[in-house]
Amino acid sequence: MFCSLFTPVRAGQRIALLVLALIPCIPAFAFEFNDVAKKAKQLSTSSYKAPQKNISKALENLNYDQYRDIRFKPERAYWHADKLPFELTFFHQGRQFESPVRINEIVGKRARAIPFDPKGFNYGANKLTPHDLKHLGYAGFRVHYAINTPKYKDEVAVFLGASYLRAVGKGQIYGLSARGLAVDTALNSGEEFPKFVEFWIERPTANSKQLTIYALLDSRRVTGAYRFTIKPGEQTVTDVKSQLYLRENVTKLGIAPLTSMYFFGENQRSTTEDYRPEVHDSDGLSIQSGTGEWIWRPLVNPKRLLVTSYSLSNPTGFGLMQRDEKQSSYEDLESRYEARPSAWVEPSGKWDAGRVELVQIPTPDEFNDNIVAYWVPDVIPKPGTAINLDYRLYWNKSSQQRPPLSWVSQTRRGHGHLRKPDDSTALFVDFEGPIFKKLQANAKIEFRASSDSNGEIMEAHTYRNEATGGWRAALRVKRIDDKKPIELRGFLHTNNTTLSETWSYILPAD
């Protein structure tokens with residue numbers, strides 16, 4: 001069955017509609033997740049066909065500023081005239097967005113296409129001809145909802161490029177991203193980037209507090225069906241249901257991937273003069289294992305690719321977090337890194353055995369995402385078998401997930417004054433949390449630290465941090481082989497009781 005990109009027109013309203021093409025579509029019947037899943041399964045039985053490039057040279061050759069000068073008109077937002085709680089605005093094709101994504105609206109459980117309309121855009125100083133605007137579609141879309149004030153619908157989520165999704169809660173600005181799927185990330189064979197090629201968005205009611213979006217994913221070796229239920233608020237929550245199908249075997253399947261940026265911070269100072277103390281969208285990877293252990297790995301900007309992982313069974317959750325929310329830690333009044341959210345993945349049901357993998361890539365600046373974290377299942381079903389892994393995704397700040405007793409608030413690297421300098425590395429780890437208010441004043445707290453075979457721990461001790469009410473662990477370690485990293489672990493302990501999460505640090509090779 002085929003359908004065009006036309007939609008019914010209200011009486012008295014004239015709209016110039018540009019038809020993309022006659023494209024396959026789901027018949028007009030009651031629409032649900034299984035309809036997209038069937039489409040994904042059927043797609044997996046045929047050879048992959050790359051999306052067709054359909055933009056003119058003028059659009060393809062736009063520079064960054066020229067592309068940003070094409071803006072969707074707020075008054076033309078989808079559902080704006082109907083005064084619904086949610087609205088949609090759209091991204092224009094151009095630059096790297098060479099192929100359109102099909103976007104549909106579900107009304108009364110029936111799907112109909114949302115056609116591209118150039119009248120919805122302000123093109124700024126760009127000189128584009130009618131020919132440049134023929135046969136186009138949308139590159140992606142934004143979701144708007146009033147989370148900061150009832151008088152204005154804020155941008156709360158974005159779907160743009162490959163399978164990328166970003167979202168924010170109240171008082172937050174965009175930072176890290178989520179993706180639908182990661183395939184063969186950080187392998188010598190090269191990474192495959194699946195794309196969302198079609199969306200179906202349920203029309204909200206006058207009282208809706210959540211928005212449901214279905215998506216069809218496609219790539220050379222994987223297809224998939226997704227349902228995103230977005231619930232904006234103090235923390236924006238996205239429930240994700242997915243069903244994947246392999247066309248052929250893959251080496252590594254990254255589930256619920258998160259992508260972020262770490263340039264420099266308290267544990268790794270800038271290599272050049274910079275007025276800002278820290279520059280990052282996230283400062284650590286947090287993991288809650290199925291056994292209840294919490295692990296914190298501070299991020300680094302390594303000199304060469306660094307891939308580490310934690311083997312687990314049925315994890316409770318993991319996330320890339322921005323724990324440091326003090327403006328004075330960044331001093332960047334434009335980028336506002338302190339206002340960027342953390343993202344936490346909470347599996348729905350059992351995920352069985354696998355690993356949380358962290359990829360850290362060298363970056364020379366703050367404009368490249370160089371951090372990726374995702375879940376890799378130990379067993380990947382054969383091609384043609386459905387892979388179902390659902391989860392809840394939290395975008396939050398002060399309400400972010402933390403261990404119940406105490407957690408790492410900062411990791412600092414570097415010696416203070418030394419009478420006799422040596423070749424050791426000093427690390428200072430601060431812990432904060434409610435447990436310290438419950439301990440007796442004379443409690444003896446130890447930092448139980450360990451190193452892999454490439455490190456020798458020369459000194460480890462703890463003392464109270466009077467400024468925060470927490471405790472500080474001081475560690476001095478010597479590297480055996482300068483060409484290899486050191487894996488370090490440590491936690492606070494007293495009277496056979498663990499008081500903190502596990503601090504898990506990798507000291508990259510020099």
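What you are looking at is a predicted structure, and each value in this text was computed from that prediction instead of being measured.
Side-chain atoms of Asn301 and Gln360 form no donor-acceptor pair, as typed in the model, at a separation below 3.5 Å. No side-chain donor-acceptor contact under 3.5 Å links His280 and Glu366. A donor and an acceptor atom, one from each side chain of Asn396 and Gln172, are nowhere located under 3.5 Å apart. Counting only N and O atoms by type, the side chains of Gln401 and Glu346 include no donor and acceptor under 3.5 Å apart. Using a 3.5 Å distance cut-off with no hydrogens or angles, the side chains of Gln243 and Tyr245 do pair a donor with an acceptor. There is a side-chain donor-acceptor pair under 3.5 Å between Glu105 and Tyr78.
Using bins of under 30°, 30° to 60° and over 60° for the plane-to-plane angle, the ring pair Trp351/Tyr391 lands in the perpendicular bin. Between Tyr226 and Phe228, the ring planes lie parallel to each other; the angle is under 30°, not in the 30° to 60° tilted range.
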Residues 189-197, side-chain donor-acceptor partners within the protein, below 3.5 Å, at least two apart:
| residue | atom | partner | partner atom | Å |
| --- | --- | --- | --- | --- |
| Glu191 | OE2 | Arg179 | NH1 | 3.0 |
| Glu191 | OE2 | Thr185 | OG1 | 2.9 |
| Glu192 | OE1 | Arg221 | NE | 2.7 |
| Glu192 | OE1 | Arg221 | NH2 | 3.2 |
| Glu192 | OE2 | Ser219 | OG | 2.6 |
| Glu192 | OE2 | Arg220 | N | 3.4 |
| Glu192 | OE2 | Arg221 | N | 3.0 |

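If you look at His92 and Phe121, their ring centroids are closer than 6.0 Å.
In this structure, Asp184 does not pair ionically with Lys252, as no charged nitrogen and carboxylate oxygen lie closer than 4.0 Å.
For the ring-ring contact (aromatic ring centres under 6.0 Å, His included) test with Phe199, the passing option among Phe90, Phe159, Tyr214 is Phe159; the others fail.
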